Novice: 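Below: one structure in structure tokens.
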Amino acid sequence: MTVLLTHSRRLLALKGREVRHRACDIMQLGQIAVEPSKLCMLFTSTGFYKGFIATTLGVVPANGAYIFTIEAVRATLPSVPIAAVSSEWTSNFVAGGLASVTSSAISVPLDIVSQRLMVQDGRTHVTQHQYRGVANALATIYRSEGVRGLYRGWGATLVTFGPSSSIWWSTYGALNERMSRAKVLADHPLAVHGLCGVCAGITSAVLTTPLDVAKTRMQVLNLPNVNILQSMQQIVRQEGWRGLCKGMRPRVLNTVPFSLAMIVIYQHVKELSMR
């Protein structure tokens, strides 16, 4: 999945004619069927795993905060004596949004480091510095940009992942409820959870890709005094509406296995803990 994210981030950060050249130079994931020998050569020569360590370091604490918030909100809202608030759909929607706030507070600094490591290489000066690893990137960003640099685009991150998380959980909850009532795959509950999770992941990835494109440009290119709406308008002016969909395929391809693994493990562990 890091391979897909690296490719997606590089395409999102680059623009115009440079995108077309770099997309061919990295790999066309829209035409992912390549010869095994070429694939191996690409894996070893283009740094597809740049940013992997930074991404991994933030996974455990950020995901822990995310799951804790999901469970706390979903357990609290149904008891609120307001029908519109206590509905399952609303609980899932609000829980997803609030969970993204708590988890992103932990993950955003490492996400910025990961993105900058992903898009830099020896030939294209997309970033202002050439970083030598996670620690060096953190120190360099802090020295040159301060704490605000490490949380650059946090608001944009919330605008991106808040809706994405809310859409994911509300879509998953609605699909799971309908399939349960229809008794689809009644003997295989984990399969139902997995199928609903995949559908929810695709839905949220497609609907929020424009926000992710704008957010990534803001974080990687260090755009001054530009909010996410202005970033989206700038992309449309320079590249047309298709520019807002850049990286959608690798983003969806990354979301599908993550959604499947996450919800199946989450539900299985939850069921085991309730026994």
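Numbers for residues simply follow the sequence, beginning at 1. Since the model is a prediction, treat every value here as computed from it, not as a measurement.
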Novice: If we only count heavy atoms from C-beta on, is the Thr208 to Arg251 side-chain gap below 4.5 Å?
Specialist: yes

Novice: Please examine the side chains of Leu211 and Met232, heavy atoms only from C-beta on, and report whether any two atoms are closer than 4.5 Å.
Specialist: yes

Novice: Nearest 0.5 Å, please: how far is SG in Cys245 from CG in Asp212?
Specialist: 12.0 Å

Novice: Test of understanding: clusters of I, L, V, M, F, W, Y form through side-chain heavy atoms closer than 4.5 Å, transitively. Do Leu229 and Leu244 belong to the same one?
Specialist: no

Novice: Could you tell me whether the side chain of Ser165 and the main chain of Gly96 form a donor-acceptor pair under 3.5 Å?
Specialist: yes

Novice: Can the ring centroids of Trp168 and Tyr66 be said to lie less than 6.0 angstrom from one another?
Specialist: no

Novice: Using every non-hydrogen atom in the two residues, find where Ala62 and Ser103 come nearest and quote the distance to one decimal.
Specialist: O-CB, 3.2 Å

Novice: How many angstroms lie between atom CH2 of Trp154 and atom CZ of Arg148, to the nearest 0.5 angstrom?
Specialist: 13.0 Å

Novice: Classify the side-chain pair Thr203/Thr171 by whether it contains a donor and acceptor separated by less than 3.5 Å.
Specialist: no

Novice: Using 4.0 Å as the upper bound for N to carboxylate O, is an ion pair formed by Glu239 and Arg217?
Specialist: yes

Novice: When you look at Ile70 and Tyr266, which way does the side chain to side chain contact (heavy atoms under 4.5 Å, CB included) test go after all the steps?
Specialist: CA-CA 11 Å; Ile70 286 285; Tyr266 167 75; 4.0 Å; yes

Novice: Check Asp111 with Lys215, please: is the shortest side-chain N to carboxylate O separation under 4.0 Å?
Specialist: yes

Novice: Under 3.5 Å, side chain of Ser170 to main-chain N/O of Phe93, donor-acceptor pair present?
Specialist: no

Novice: Measure the acute angle between the ring planes of His193 and Tyr172, then classify it against the limits of 30° and 60° as parallel, tilted or perpendicular.
Specialist: tilted

Novice: For residues Cys196 and Met179, report the shortest heavy-atom separation together with the two atoms involved.
Specialist: SG-SD, 3.5 Å

Novice: Please name the residue in the list Ile228, Val108, Val101 that meets the side chain to side chain contact (heavy atoms under 4.5 Å, CB included) test with Leu158.
Specialist: Val101

Novice: Say you draw a straight line from CG of Asn176 to SG of Cys199; how long is it, rounded to the nearest 0.5 Å?
Specialist: 11.5 Å

Novice: Between Ser166 (side chain only) and Val94 (backbone N and O only), is there a donor and an acceptor less than 3.5 Å apart?
Specialist: no

Novice: Show the nearest heavy-atom pair for residues Gly243 and Val213, with the distance to one decimal.
Specialist: O-CG1, 3.6 Å

